[in-house]
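A short write-up of the structure that comes next.
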Amino acid sequence: LATTSRALVAPWGAPRREWKVLSSTAGDAVTGTKFEESDEAKNPEKRPGHQVRGLKDVDEATAAKQAAIRAHQEGCARLSWAEEIRTMVCAQREAFAVLSTVAQKDDIAGFPVGSVVGFAADDQGRPVFSFSGMSAHTKNLEKDARCSLTVTEASFAGAADARVVLTGTVDRLQGDDADAARAAYKASHPKAYWVDFGDFHVYRMSEILDVAFVGGFARAGSVTPAEYAAADVDPVAPFFKPVADHMNDDHEDALKTYVEVLVGTDEVSSAEMTRLDRYGIDVRVVDAASGSTGVLRVPFNDPVTDRAAVKTAIVALSKDAAARQAS
């Protein structure tokens, strides 16, 4: 494990101490994912690496295995960032997110205030909401339309999972625009009977100014609002929940085999499908020996576009794993 020592001045006059700073060759214990991205194409803003403390040095064999896993993961086909973000925002059903508005109350005026709100998306990917006039975030938006919406993927559990922040302005809709947005919201939230209450109105983030994305370790950056608007929702996104529920409830052993045999990890004590798209699946694993967690990509042999093809692709993973075990 390559490290360098750097003397840092602690705050408030505390004694100086030596921190080990992981180089770009270092990564997390399961996946080998780099904490620092040296490829300028993936890190155009040249963000520095994390100052990581408390990780043990690893032996050459472990380092080689991590490097092999990292090479495998970097070679996996994935959605483009714009597609991944558009799918995250538009394909979730009964979804909630954190809306941050600008406070108007005298004692906290100007401060950001977070609210957990339901949302849906229109056919252009713009988030739509149904808000009561009594809510603090509604009152804030009526005075200052600036806000941000933090959306996580459906299986979000921690830093290795995807999230996006859309920043822009939210306004109240009228007429046909309101009717269309209300229909989109009710389709996504079929149990939201309160949408038709007299004190609830429909709002939309009509202007998206910034799209900031974190897809996990060493996957952070942004796409332009135009790239987001032009991206398509992944065609197999509607099948994620039933497929994932089936695999996680009935075929965890198969998921373990995929990561151990096809990806090349050591034994894992648990495996959970966290994402499905046309190129493959993501699996959250726990390393049996260390207890370390990570999210690994298991690619399909070919892209898929319908549910029948998803089943065929997953069966093919099982066959590939069995063939490798037998060889």
Side-chain angles (χ1 to χ4, degrees), residues 8-14 43-48 50-51 81-82 85-86 88-90 92 95-122 124-153 156 158-159 161-175 177-178 181-182 184-185 188-189 192 194-195 197-215 219-229:
L8 299 178
V9 178
W12 306 297
N43 184 15
E45 297 170 353
K46 299 181 180 179
R47 295 180 303 277
H50 298 300
Q51 294 171 344
W81 281 11
I85 296 165
R86 184 70 183 262
M88 195 188 326
V89 173
C90 298
Q92 294 192 58
F96 285 78
V98 176
L99 179 72
S100 297
T101 57
V102 181
Q104 301 300 310
K105 288 176 60 177
D106 288 343
D107 52 343
I108 56 170
F111 281 80
V113 176
S115 305
V116 177
V117 300
F119 76 96
D122 66 10
Q124 297 182 46
R126 297 173 296 187
V128 296
F129 314 91
S130 178
F131 292 151
S132 166
M134 295 185 293
S135 298
H137 49 265
T138 307
K139 296 175 181 177
N140 292 340
L141 290 170
E142 293 292 351
K143 295 290 184 66
D144 189 333
R146 295 176 300 167
C147 63
S148 65
L149 184 72
T150 302
V151 180
T152 66
E153 63 178 317
F156 185 87
D161 300 315
R163 56 273 197 194
V164 62
V165 179
L166 305 178
T167 300
T169 57
V170 167
D171 50 23
R172 180 175 165 181
L173 301 178
Q174 306 287 345
D177 285 347
R182 184 177 292 106
Y185 190 90
S188 183
H189 294 263
W194 57 84
V195 170
F197 286 4
D199 64 323
F200 276 76
H201 301 284
V202 184
Y203 291 74
R204 180 179 67 202
M205 184 177 280
S206 297
E207 185 177 26
I208 298 175
L209 300 173
D210 188 73
V211 183
F213 175 64
V214 178
R219 296 185 68 225
S222 62
V223 302
T224 68
E227 289 170 332
Y228 168 77

Taking [X] for its side chain and [Y] for its backbone only, find out whether a donor-acceptor pair lies under 3.5 Å.
X	Y	result
E227	A82	no
T138	S132	yes
Q92	M88	yes
R204	V202	no
Q174	R172	no
R86	A229	yes

Does the side chain of [Y] come within less than 4.5 Å of [X]'s, by heavy atoms?
X	Y	result
V164	V211	yes
V151	L149	yes
T150	V165	yes

Please round to the nearest 0.5 Å and tell me the distance separating atom [atom1] of [X] and atom [atom2] of [Y].
X	Y	atom1	atom2	answer
M205	L99	CE	CG	6.5 Å
S206	L173	OG	CG	5.5 Å
Q104	D144	CD	CG	6.0 Å
S135	F200	OG	CZ	6.5 Å
E207	R146	CD	CZ	12.0 Å

Within a 6.0 Å radius of atom CZ on F111, are there more than 12 heavy atoms belonging to other residues, nucleotides or ligands? no
Exceeds 12 heavy-atom contacts within 6.0 angstrom, atom CG of D107: yes
Grab the two heavy atoms, one from [X] and one from [Y], that are nearest each other, plus how far apart they are.
X	Y	answer
A121	C90	CB-SG, 3.7 Å
S222	W81	N-CZ3, 3.8 Å
L166	V89	CD1-CG2, 4.2 Å
R182	V195	CG-CG1, 3.5 Å
R163	F213	O-CD1, 3.5 Å
I108	A103	O-CB, 3.3 Å

Parallel, tilted or perpendicular: rings of H137 and F131 (30°, 60°): perpendicular
Using the ring pair (Phe, Tyr, Trp, His ring centres under 6.0 Å) rule, take F129 and H189 through it: C-alpha gap first, then chi angles, then the decisive distance, then the call. CA-CA 11 Å; F129 314 91; H189 294 263; over 10 Å; no
